[in-house]
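Data first, discussion second: the structure below is written as structure tokens.
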Amino acid sequence: MKDPYEVLGVQKSATDEEIKTAYRTLAKKYHPDNYAENPLSDLAEEKMREINDAYDNIMNERRGGQKASSANGGAQYGAYNGGYSARSEFSDIRNLISSGRIEDAQTLLDGVPPEKRNGEWYFLNGTVLYRRGWFEDAYTSFTTACRLNPENPEYRAALNQIQKQRFGGGYRTMGDGASCNACDICSGLLCADCLCRCFGGGC
Amino acid sequence: MFGYVRHYKPHMRVCEYESYKSVYCALCKQIGKEYGFLSRFTLNYDFTFLALLGLAVDQDECNFEKKSCVCNPLKKCIYCVSRSDVLSYSSAISMLTLYHKLRDSVADSSFFKSLVPRFLLMLFSGKAKKAAKLYPVQADVFEQCMKKQRELEDEKCRSIDKAADPTALMLSSAFEFYAKDEASRRILKRLGYCLGRWVYLADAADDLKDDINKGNYNPFVLAWDIRSENDIKSCGDRLSEVLDMCISEVNVAFNLLDVQRFAPIVENIIREGMPSVQKTVIFGKEAKNERSV
């Protein structure tokens with residue numbers, strides 16, 4: 001198992017407060033919301049688990065074996081479960097997507113006749129396109145899905161995610177979604193730089 | 001590739017800038033060593049990024065040495081020294097890309113205008129063959145993608161996604177080379193794809209004005225029905241959205257990568273350098289909030 005301090009990028013002598021801050025920064029970076037629909041979401045979940053475990057370990061150790069969990073650390077960043085809608089007309093396609101067989105999923109989707117293409121079809125089509133990196137068509141498809149089923153939370157979440165990224169939210173604030181100025185970027189970079197230094201990188 | 005993947009110097013620490021430069025100089029030296037003095041001048045920032053990321057994920061140690069500059073004997077440069085094949089690989093990719101770019105301009109321009117690229121092509125095709133021999137997998141992918149690109153342009157493809165696909169796949173395969181395991185392979189492929197997409201679309205946005213005037217192929221012109229220069233101005237925000245989406249994806253992919261060194265430099269390029277280039281490309285030089293030094 002990796003050294004929990006190394007995982008969080010802090011020194012062994014760091015104060016509880018520093019550890020909390022480091023944990024929060026990393027948890028924000030790998031937050032499942034940033035990886036919704038992303039083909040790399042499983043890797044992000046793994047990172048998230050690693051961070052949560054490291055934080056719990058350090059806190060347990062410091063409290064002399066007392067049980068602490070990342071849930072008490074101020075905010076819980078759990079794994080995101082998109083969850084399928086209760087009834088799915090295209091469960092075979094959903095299975096293909098979740099097992100990463102994007103091309104097969106695309107073939108099946110293309111085979112659905114136009115009159116049978118409902119909100120879910122557009123949502124799944126958008127998901128497949130997004131995973132391939134065809135972001136423009138994916139955006140159009142998610143928009144159509146939301147127009148056909150305005151109150152479906154799954155489709156809405158996908159559209160929101162892509163909209164956030166299109167307005168720079170994805171990288172400028174690392175998922176904050178709030179507005180951001182040069183100072184924020186600067187301080188963000190400084191933080192990132194400090195973290196890297198502890199990992200042994202740098203010049 | 002066209003030199004868009006740049007650093008943003010004002011927000012770089014001095015030591016970061018020097019490390020970045022040392023990679024640039026080392027790559028320049030490597031290209032000179034393997035492909036001759038003239039090839040040195042083909043080096044641009046995109047390939048520096050390719051080398052930088054390769055060195056960033058490389059397990060081998062990476063050192064620096066100070067030696068006299070190859071182009072200017074009065075100057076001393078810091079060179080990044082690594083035992084890995086990252087620099088040699090980036091040089092080869094640089095030659096392959098140059099070769100395809102020249103072939104493209106020969107095919108695109110009239111006889112008289114194509115004389116210069118024709119001459120350069122003669123000069124560099126032997127070197128490109130050498131590079132292709134060293135890295136046949138990438139050479140194959142590049143060849144196929146360029147062919148596909150040409151077909152898409154000939155059929156006047158109206159889809160932005162389709163038009164960007166060949167360049168994206170090219171970079172995807174270029175970055176995949178650095179993969180150590182299945183997880184890093186997936187990350188690097190995704191990163192390369194989205195970066196290639198950004199490079200292609202940033203270039204298309206840059207050429208919008210020219211392409212409208214000359215009637216050349218441009219995916220934005222066809223997809224959004226842009227007819228005049230006024231139309232270009234009004235679609236600036238839309239262009240930003242399309243390109244921001246790519247940067248955002250490059251960024252989240254990079255966050256997952258296990259990096260040994262240079263992380264702040266790569267982050268500077270992705271989060272500040274590329275957005276700044278993108279701004280200049282879309283809104284022109286005046287809009288840029290930095291002064292050239």
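Chain identifiers are assigned alphabetically (A, B, ...) following the order of the sequence lines, protein sequences preceding nucleic acid strands; residue numbering begins at 1 within each chain. The figures that follow rest on heavy atoms only: side chains count, while hydrogens, waters and symmetry mates do not.
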* Apply side chain to side chain contact (heavy atoms under 4.5 Å, CB included) to the pair K162(B) and W134(A), showing each step before the final yes or no. => CA-CA 8 Å; K162(B) 257 190 207 160; W134(A) 290 32; 3.3 Å; yes

Mark yes when over 12 heavy atoms from residues, nucleotides or ligands other than [X] sit less than 6.0 Å from its [atom1]; otherwise mark no.
X	atom1	answer
K189(B)	NZ	no
R117(A)	CZ	yes
K233(B)	NZ	no
E103(A)	CD	no
E61(B)	CD	no

Given heavy-atom pairs under 4.5 angstrom as the criterion, report whether the side chain, backbone, both or neither of [X] touches chain A.
X	result
A183(B)	both
D165(B)	side chain
R186(B)	both
A253(B)	both
S22(B)	neither
N63(B)	neither
I160(B)	side chain

* To do: Please confirm whether the backbone N or O of R238(B) pairs with a side-chain atom of R166(A), one donor and one acceptor, at under 3.5 Å?
  =>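 Side chain of R166(A) to backbone of R238(B): no pair is present.
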
Does some side-chain heavy atom of [Y] sit less than 4.5 Å from a side-chain heavy atom of [X]?
X	Y	value
N255(B)	Y30(A)	yes
L43(A)	I187(B)	yes
D258(B)	K47(A)	yes
Y130(A)	M245(B)	yes
F135(A)	R197(B)	yes

Rounded at 0.5 Å granularity, tell me how far [atom1] in [X] sits from [atom2] in [Y].
X	Y	atom1	atom2	result
D161(B)	D137(A)	CG	CG	4.0 Å
C246(B)	E136(A)	SG	CD	7.5 Å
D244(B)	K164(A)	CG	NZ	13.5 Å
R190(B)	R131(A)	CZ	CZ	8.5 Å

* Pick one of side chain, backbone, both or neither for L129(A), based on which atoms fall under 4.5 Å of a heavy atom in chain B. =>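 No part of L129(A) comes within 4.5 Å of chain B.
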
